[in-house]
**Q** 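Before we start, here is the structure in question, set down as structure tokens.
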Protein chains: 2
Amino acid sequence: MVQPELCPRFEQAVGMLSRRWNALIIFSLLGESQRFCTMTESIGISNRLLSERLKELEKEGIVTRDVYPETPVRIEYSLTEKGRALAPVMQEIQRWSQEWLPVQEAVQDEQEPSVR
Amino acid sequence: MVQPELCPRFEQAVGMLSRRWNALIIFSLLGESQRFCTMTESIGISNRLLSERLKELEKEGIVTRDVYPETPVRIEYSLTEKGRALAPVMQEIQRWSQEWLPVQEAVQDEQEPSVR
DNA sequence: CCCTCTCAGTTACGATTTGTAACCAACATA
DNA sequence: TATGTTGGTTACAAATCGTAACTGAGAGGG
């Protein structure tokens, strides 16, 4: 019934990072602050989900939202210190992916050789 | 339409790690190989999803499945080298969670009954 | 005044995925 | 025959996601 082992803080961190798109959002903000429309394009996420995720991440103190009342309005999203502190996590994911995942060529019809 | 920036291998790694439960499954196997029923208890995942995720992770070369025809049958899941190579990622998540997430006390009535 | 454009979202809704619980098969013991 | 254990499946409702259309504020054109 109860799950005894796992550290609750670790579980919480994993819960946040496992939420779909969150890792990519954080990664793309590690470089520099970005505006909404730039993020949807570079990440490939829909308006709806990006909006939803950014609100959650802001509430968790990972992302900051700055409004510049220019015309048209400019809204910049950036990472807080707590958010930037996730850089090593992203770096390790990247390192692993470089070492263990194959470079995938353009379009190749995968055909499983002999899976029963 | 096209997302130009992100490295496809990084995206793939994030996709795998962001799949719900995958990070916890990998983390719990970092210590030692485990059997099915032990994992459902310690992680708090249902049979259905654990079965599904383990099959996916096995297909991706991250997890190995070993059958010991004892009675009752014992099936041990463990990490491949590729899977164990994710240890630094988990370590960095853990480090971040220790530094940035609050220790949450026993039962505190949150206003929002956040049931994820 | 009306139409159009951009940015930053919302809303509506069908398609996936998840969580829960019940069930199954193999083998062993009582 | 009935019961227990392990390692799953199956069925189905609930939650989440993806797509696309829409909104609203402010500026500019005609």
**Q** Within the 4.0 Å heavy-atom criterion, would you say A:Tyr68 contacts the bases, only the backbone, or no part of the nucleic acid?
**A**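 Nothing: the residue A:Tyr68, judged by heavy atoms under 4.0 Å, touches no strand.
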**Q** List for me each residue that meets salt bridge (Lys or Arg N to Asp or Glu O under 4.0 Å) alongside B:Glu60, sequence neighbours excluded, and say none if there are none.
**A**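 Not a single residue meets the salt bridge (Lys or Arg N to Asp or Glu O under 4.0 Å) criterion with B:Glu60.
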**Q** Going by side chain to side chain contact (heavy atoms under 4.5 Å, CB included), name the residues that satisfy it together with A:Glu70, two or more places apart in sequence or in a different chain.
**A**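 Partners of A:Glu70 by the side chain to side chain contact (heavy atoms under 4.5 Å, CB included) criterion, ordered by chain and then number, come out as A:Tyr68, A:Arg74.
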**Q** Got a donor-acceptor contact below 3.5 angstrom from the B:Ser18 side chain to the B:Val14 backbone?
**A**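 Here the side-chain-to-backbone pair exists.
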**Q** Name the first nucleotide and the last nucleotide along DNA chain C (5' to 3') that come under 4.0 Å of a heavy atom in chain A.
**A**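 Contacts span C:dT6 to C:dA12, reading 5' to 3'.
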**Q** So, OP1 or OP2 of D:dT9: does either fall under 4.0 Å of a side-chain N or O from B:Ser51?
**A**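 Affirmative; the distance criterion is met.
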**Q** Over the length of the helix from C:dC1-D:dG30 to C:dA30-D:dT1, how much do the five-pair end axes diverge, rounded to 10 degrees?
**A**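 Comparing the first five pairs with the last five, the axes sit 30° apart.
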**Q** Can you name the residues that form a side chain to side chain contact (heavy atoms under 4.5 Å, CB included) with A:Glu58, not counting sequence neighbours?
**A**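 A:Glu58 satisfies side chain to side chain contact (heavy atoms under 4.5 Å, CB included) with A:Arg65 only.
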**Q** Which residues satisfy the salt bridge (Lys or Arg N to Asp or Glu O under 4.0 Å) test with B:Arg9, sequence neighbours excluded?
**A**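 B:Arg9 satisfies salt bridge (Lys or Arg N to Asp or Glu O under 4.0 Å) with no residue once adjacent residues are dropped.
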**Q** Output all residues satisfying side chain to side chain contact (heavy atoms under 4.5 Å, CB included) with B:Arg84, sequence neighbours left out; order by chain, then residue number.
**A**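 By the side chain to side chain contact (heavy atoms under 4.5 Å, CB included) rule, B:Arg84 matches B:Leu79, B:Glu81.
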**Q** Restricting to side chain to side chain contact (heavy atoms under 4.5 Å, CB included), what partner residues turn up for B:Gln91, sequence neighbours left out?
**A**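 Partners of B:Gln91 by the side chain to side chain contact (heavy atoms under 4.5 Å, CB included) criterion come out as none, since no residue qualifies.
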**Q** Looking at residues at least two apart in the chain, or sitting in another chain, which of them share a salt bridge (Lys or Arg N to Asp or Glu O under 4.0 Å) with A:Arg20?
**A**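 Scan of A:Arg20 (salt bridge (Lys or Arg N to Asp or Glu O under 4.0 Å), adjacent residues dropped) gives none.
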**Q** For each nucleotide in nucleotides 17-26 of chain D, reading 5' to 3', give B when a protein heavy atom comes within less than 4.0 Å of its base, S when such contact involves only the sugar-phosphate, and - otherwise.
**A** BBB------S
**Q** Which residues pass the ring pair (Phe, Tyr, Trp, His ring centres under 6.0 Å) test with B:Phe10, sequence neighbours left out?
**A**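 A:Phe27.
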**Q** Using the salt bridge (Lys or Arg N to Asp or Glu O under 4.0 Å) criterion, which residues pair with A:Arg95? Sequence neighbours excluded.
**A**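 Partners of A:Arg95 by the salt bridge (Lys or Arg N to Asp or Glu O under 4.0 Å) criterion, ordered by chain and then number, come out as A:Glu92.
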**Q** Take the protein atom CZ of B:Arg65 and the nucleotide atom P of D:dT6, then report the distance between them rounded to whole Å.
**A**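 Those two atoms, CZ and P, are 16 Å apart.
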